[in-house]
Amino acid sequence: MRPLTEAETRAVFEKLSKYIGENIQLLVDRPDGTYCFRLHRDRVYYLSEKLLKLAASVPRDSLVAPGTCFGKFTKSQKFRLSVTALDFLAPYAKYKVWVKPGSEQSFLYGNHVLKSGLGRITESTAQYQGVVVYSMADVPLGFGVAAKSTQECRKVDPLAIVVFHQADVGEYVRNEDTLT
């Protein structure tokens, strides 16, 4: 487990800023202590400094997951967010999309959000902006990328894709053996 390099930190923060904007600062400087990002086996973990000190005494081979896994670096050194980061992204999300009850299950199976399943969308959402997907009962279901801006969503065909799927809470069941 080691601190992120400058290039890795930039990649992680650029990806997080797509979803939560300037609120990244709120993740690091929290009222309950200081939190940090650490790299362990190509995965980026988010943990408190108290937990970091405790994890330092555990041998590397025995350490499975020192904190919450935010994502991982691919072989080409691109950062990919994991669904385990959803609990930290949802409260600080700048742009949100709510899906109708009928299309929640479709999204949880890994499909994109169609215009016919769109309940609401945050005003001034730009195209290709990171969004957090909620149910109509304000339960965070996952996150994705807006395929259309808010203005385009009003005029588009009901079968057009509005949000590209990135991750959802259904992955806990589908990929339970690979999530850490």
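Values in this document were obtained by computation on a predicted structure and should not be read as measured data.
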Could you tell me which non-hydrogen atom of [X] sits nearest to which non-hydrogen atom of [Y], and how far apart they are?
| X | Y | answer |
| --- | --- | --- |
| Cys69 | Arg43 | SG-CD, 4.0 Å |
| Thr84 | Thr68 | O-CG2, 3.6 Å |
| Leu118 | Lys100 | O-CE, 3.3 Å |
| Glu104 | Ser135 | OE2-CB, 3.1 Å |
| Cys153 | Val162 | SG-CG1, 3.4 Å |
| Leu114 | Pro158 | CB-O, 4.1 Å |

**Asked** Do you know which of Val99, Asp168, Val169, Leu108 makes side chain to side chain contact (heavy atoms under 4.5 Å, CB included) with Val133?
**Response**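 Single pass found, and it is Val99.
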Test item: [X] and [Y] side chains (from C-beta on) under 4.5 Å apart, heavy atoms:
| X | Y | value |
| --- | --- | --- |
| Ser82 | Lys72 | no |
| Phe73 | Leu39 | yes |
| Val12 | Phe70 | no |
| Lys148 | Lys155 | no |
| Val163 | Val131 | yes |
| Pro101 | Met136 | yes |
| Ile161 | Val113 | no |

**Request:** Answer yes if Val139 and Tyr134 sit in the same cluster of Ile, Leu, Val, Met, Phe, Trp and Tyr residues linked by side chain heavy atoms under 4.5 Å apart, and no otherwise.
**Result:**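 No, because Val139 and Tyr134 fall into different hydrophobic clusters, even though each may have its own neighbours under 4.5 Å.
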**Asked** With hydrophobic residues grouped by side-chain heavy-atom distances under 4.5 Å, do Phe79 and Tyr128 end up in a single group?
**Response**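 Yes, one cluster joins them.
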**Asked** Got a salt bridge between Glu14 and Lys78, using NZ or NE/NH1/NH2 to carboxylate O under 4.0 Å?
**Response**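 Looking at Lys78 together with Glu14, the answer is no, because their closest N to O distance does not fall below 4.0 Å.
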**Item:** Arg154 with Glu123: basic N within carboxylate O range, under 4.0 Å
**Value:**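 Between Glu123 and Arg154 there is a salt bridge, with a charged N closer than 4.0 Å to a carboxylate O.
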**Sub-6.0 Å ring centroid separation between Phe37 and Phe13** =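 When the ring centroids of Phe37 and Phe13 are compared, they turn out to be within the sub-6.0 Å range.
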**Message:** Please confirm whether the ring centroid of Tyr19 lies under 6.0 Å from the ring centroid of Phe143.
**Reply:**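 Centroid separation for Tyr19 and Phe143: below 6.0 Å.
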**Asked** Among all residues two or more places apart in sequence or in another chain, which pass the side-chain hydrogen bond (donor to acceptor under 3.5 Å, both in side chains) test with Arg60?
**Response**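 Here no residue qualifies.
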**Item:** Exceeds 12 heavy-atom contacts within 6.0 angstrom, atom CD of Glu6
**Value:**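 Result for CD/Glu6: open.
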**Asked** With Val58, which residues qualify under side-chain contact (heavy atoms from CB on, under 4.5 Å), at least two apart?
**Response**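 So Val58 forms a side-chain contact (heavy atoms from CB on, under 4.5 Å) with Ser62, Leu63.
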**Asked** Among all residues two or more places apart in sequence or in another chain, which pass the side-chain contact (heavy atoms from CB on, under 4.5 Å) test with Lys18?
**Response**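 Listed in chain order: Val145.
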**Prompt:** Taking only residues two or more places apart in sequence or in another chain, which ones pass ring-ring contact (aromatic ring centres under 6.0 Å, His included) with Phe164?
**Reply:**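 By the ring-ring contact (aromatic ring centres under 6.0 Å, His included) rule, Phe164 matches His112.
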Can you check whether [Y]'s main-chain N or O pairs, donor with acceptor, with [X]'s side chain at less than 3.5 Å?
| X | Y | answer |
| --- | --- | --- |
| Thr122 | Lys96 | yes |
| Ser106 | Asn111 | no |
| Ser103 | Gly117 | yes |
| Gln129 | Ala146 | no |

Please output the side-chain donor-acceptor pairs of residues 46-54 that fall under 3.5 Å, not counting sequence neighbours, one pair per line with the distance.
| residue | atom | partner | partner atom | Å |
| --- | --- | --- | --- | --- |
| Tyr46 | OH | Leu27 | O | 2.3 |
| Tyr46 | OH | Arg30 | NH1 | 3.4 |
| Ser48 | OG | Leu51 | N | 3.2 |

Without placing hydrogens or testing angles, list every side-chain donor-acceptor pair under 3.5 Å for residues 85-95, not counting sequence neighbours.
none

